Structures are given as structure tokens and as C-alpha cells.
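Presented below is the structure to which this report refers.
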Amino acid sequence: MENIESPENRIKIKNERLQVPNEPVIPLIKGDGIGPDVVKAAITVLDSSVKQAYNGGRKIFWKEYLAGDSSKKAHGKWLPEETINAIEYYKIALKGPLTTPVGEGYRSLNVTLRQRLDLYACVRPVEYIPGVPSRLMNPEELNVVIFRENTEDVYAGIEYDACTSKANKVIAFLRDEMGEKIRIDSSIGIKPISEFATKRITRAAINYAIKHNRKSVTIVHKGNIMKYTEGGFRKWGYEVAENEFRDCIVTESEIKERTNSIDGNLENKLVIKDRIADNMMQQIILRTREYDVLVLPNLTGDYISDLAAALVGGLGIAPGANINYETGKALFEPTHGTAPKYANQDIANPTSAILSGVMLLDYIGWNEASSLVKKGVTECIKENFVTNDFARQMPGVNPVKTSEFAKKIVSKIET
Ligand code: NAP
């Protein structure tokens, strides 16, 4: 493989545990649009926190790889194999948002990366930071971790444009062999949801909930309408919970049967419950406190991620990671996209990228550094030192630039 070196600085996996050298190489993809601005801010803050936490005894070597617009301009390729190979090799990477190319063989570079690396768990913690303007009356009640399945559902990429020979063939097959009626001018998409992938993401969500002392895992689905795909997601989710975690969990219906009340968790065990997706959209706003870890199929997971982020300040503050817990590979990235109208102006909110970096530090076990970053971010926001997306909702507050926000966090880390 080209351009890949420093084996001693490589993060490795042994006996399902990460082995992290003091000076790991971590691939960095700056991304498109606001990506370079927010990633630069994140690196400034993360480097400072690591230096401060370990007195210079640890350091991350960020190694830049290309993807997206910059790669297309430099090499004519949207997503070079070298970039994918680097994440395979170094295991963990940080990335900014990437433009979705239109009509160039990729449905989405992000989806391609997640699928090629089998990063099946999209993990998105959503928590309120005091001082952030919110539309909720009690935003501090929202503290959820979203586990979105990343490899299946309508994101699988099996889709045929209307009136093409492939769409016509599928329509004819469904009509002639299965007796289904579909309009001849329909586009067709396929929605696979497997037992394997559902159990894998639910297992990851429950393991996370147990490890972090969370109270409940809610399986979100639309099984009332899509009985075998979304209904399968619900059924297989409960199967994992009941067959693999029996001693640690209790289902909501078991609590109800035993106590005639769904409000109490008498056994102090992890509660497994399920909600229909449309109901979940209102529940998270109206009964915020009752939700903790959520596990969802790909598309609903995408929708709920932005909804939940909006409740605590918006996409500028929503971090994320794409993880394969078995191989240890992980790609950390903000939930937001490239926000092209703010590109290269040094005004986007870098908190989502910075907090994605916090997730990365926690993932490699550098918690002392991650705590410093969290403290710095919290203090800046408390002092109304915020970028435009927040300042415009806070009367009398002047926005600061992306780079100024990062510098201020560094000053907090260093004091
Ligand atoms: P977006 O880039 O996330 O931006 C939507 C809106 O969210 C922005 O116009 C802005 O709202 C707000 N926003 C997002 N990030 C912000 C930040 N850091 N600071 C302040 N405000 C922020 O979504 P999009 O416009 O739908 O998508 C643009 C491109 O990004 C598309 O090509 C899409 O495919 C791609 N995308 C990539 C990823 C990824 O790489 N993981 C994820 C999503 C989308 P206001 O206009 O209200 O200020």
C-alpha cells in the first residue's frame, strides 16, 4: 500500500482490545465545505488537550488523506483506495463532512466508506451543554445515545430509476411471479433488513448501555406497517436482549405484567422497550427524560439524529462515530454535512467536530485529554463565547469565528 508507514505507531487490536501507542498515527480527512475549518479547529483543541493531559508524553500524528472535492481535484477520484486502505491499516480516523457527488457512480462517499469498512454502528450521543440556546423548555433532560444501523435499509444502495430496463425487470418479476401491482413508471428501491445486522447493532447498543450504566434501550421501528423489515428489527432486537442478556435486562412488558405499571423498574435492570418511529419523534420532545439509548434502522436513525441534535442546539454541536466493535475500526465525524454556504469563511460551529474528537479520545482510552476538551467547550459556551449559529439566537451576543472559538478552548485547557 502506498503512503502507509510507521508500523510501531499503529493502533492495533489484540484479544478484542485496542493497543494504543503513545504516538499513534491517525488518518485525517479534512472534508469539503466547512470541513477544513471545523477539522482544523478540532485538531488545534485535541492536540492541546493531549499535550496538557500527558505533559508531552503522548501525541497524535495526524496523517492527511484525501476524499471528496479535494481528492477529485487532485487525483480525479472522489474516494481513492489509498484513503480506505489507510483507515483499514491504522484502524481509527477523524473526518470532516464530504460532498455527495451527483451522478458519478457513488450514492454517497460517507455511505461507501461505512459499507466498505463495515462500520456498522453509527453512534451519536446527544446531550445538552448549559448555555446553548434550545427550543425545549428543559433541554437538560435530553441525554440520549443513538445507535443507528449503518449498512442496510434503504441505504443499501439497491435502487433503480423509473423506466430503465432494471426497474422494468423488477416490476415485471413482482407482477408475474409474486402477483404484486406496481405502477410501470415507478422507481424501485430495496430495503433489506437482516437478522444478522439487527442483532449486531442491538448487541452493540445493549453492551454500551450496560457499560455506561444507562437505564434503558429503546428499539425504534415502523413494524406496524413494514412487518418483516422494520418488524424484524423489533423482533430480532428483543431476541438478542432476551437470549444474550437475560440476567441484565427486563422488558417493559415484563415490568408491566409484574407491577401493572410501566413507570417503575423494580429490578434495577436495563429496561428494553420499543416505540414506533413516528411516535418516537414526539416522545423524544414530550417525554424526553424517558429515553436513554436508542437503537434504530438506518433511515429512521438519520432522521432522529438531526431531530435530537436540533433540540440541544443544532447540527453544529452533534458529534458522531462509525464503529465496528469486533474489528475495532472506527471513523469519527460530525453529524452535519458540508454546509457549503459557510465554506471557507471561518464561521461554522466546530463543536460537533471537536466533540467527535472527544469521542475518539475516549475510544482510545485517553480520557484525561477528553475531559479537558469537554471542560473547555462547556466553559466557553457558559461565557457566551459562541459561533454564529448560537449567537443569532442569543440577544446581545456577538458571534466569534471558528478559529477564535478553538483558541479560546485551548486557553481554557492550558489554565
Ligand atoms: P448540512 O451541511 O449539515 O447543513 C444544513 C444546515 O445545518 C446548514 O445550512 C446550517 O444551518 C446547519 N449547520 C450544519 N453544520 C453546521 C455547523 N458546523 N455550524 C453551523 N451550522 C451548521 O446539510 P445539507 O445542506 O443537507 O448537506 C450539504 C452537503 O453535505 C450535501 O452534499 C450532503 O450530502 C453532505 N452531507 C455529508 C455528511 C457527511 O459527510 N457525514 C452528512 C450530511 C450531509 P443554517 O442554514 O440554518 O445556518
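Counting convention: from 1, in listed order, for ligands and their atoms alike. Starting from 1, each residue takes its place in the sequence as its number. Just so we're clear, the structure is a prediction, and the values are computed from it rather than from any experiment.
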To the closest 0.5 Å, what do you measure between [atom1] ([X]) and [atom2] ([Y])?
| X | Y | atom1 | atom2 | value |
| --- | --- | --- | --- | --- |
| Ile354 | Leu360 | CD1 | CG | 13.5 Å |
| Leu361 | Glu368 | CG | CD | 10.0 Å |
| Leu270 | Cys248 | CG | SG | 8.0 Å |

Min N/O separation [X] to ligand 1 under 3.5 Å:
| X | answer |
| --- | --- |
| Ala339 | yes |
| Ala348 | no |
| Thr99 | no |

Could you tell me which atoms of ligand 1, counted from 1 in the order shown, lie closer than 4.0 angstrom to a heavy atom of [X]?
| X | value |
| --- | --- |
| Gly316 | 17 (C), 18 (N) |
| Asn110 | 37 (C), 38 (C), 39 (C), 40 (O), 41 (N) |
| Tyr342 | 10 (C), 45 (P), 46 (O), 48 (O) |
| Lys95 | 40 (O), 41 (N) |
| Arg392 | 45 (P), 47 (O), 48 (O) |
| Thr100 | 32 (O), 33 (C), 34 (O) |
| Leu315 | 3 (O), 7 (O), 14 (C) |
| Glu333 | 41 (N) |

Item to check | Distance-only polar pair, side chains of Glu152 and Asn298, donor-acceptor under 3.5 Å | outcome: no
Checklist entry - Less than 4.0 Å between a side-chain N and a carboxylate O, is that true for Glu252 and Arg275? => result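 So Arg275 pairs with Glu252 through a salt bridge.
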Next on the checklist: Between the side chains of Glu195 and Lys199, is the shortest nitrogen-to-carboxylate-oxygen separation below 4.0 Å, so that they form an ion pair?
Outcome noted: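 Counted as a salt bridge, because a side-chain N and a carboxylate O are separated by less than 4.0 Å.
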Can you tell me which portion of [X] lies within the under-4.0 Å heavy-atom range of ligand 1? Options are side chain, backbone, both, or neither.
| X | value |
| --- | --- |
| Thr338 | both |
| Asn349 | both |
| Leu109 | neither |

Item to check | All pairs passing side chain to side chain donor-acceptor pair (under 3.5 Å) where residues 23-46 contributes a residue, at least two apart | outcome: Lys30-Glu64, Asp32-Thr99
Item to check | Trace of the side chain to side chain donor-acceptor pair (under 3.5 Å) decision for Glu239 with Asn243 | outcome: CA-CA 6 Å; Glu239 278 178 15; Asn243 297 338; 5.0 Å; no
Next on the checklist: Tell me the nearest of Gly337, Ala353, Gly31, Ser352 to atom 23 (O) of ligand 1, using heavy-atom distances.
Outcome noted: Gly337
Item to check | For Asn324, side-chain contact (heavy atoms from CB on, under 4.5 Å) partners two or more places apart | outcome: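 Asn324 satisfies side-chain contact (heavy atoms from CB on, under 4.5 Å) with Asp118, Leu119, Tyr120, Arg200, Glu326, Thr327 only.
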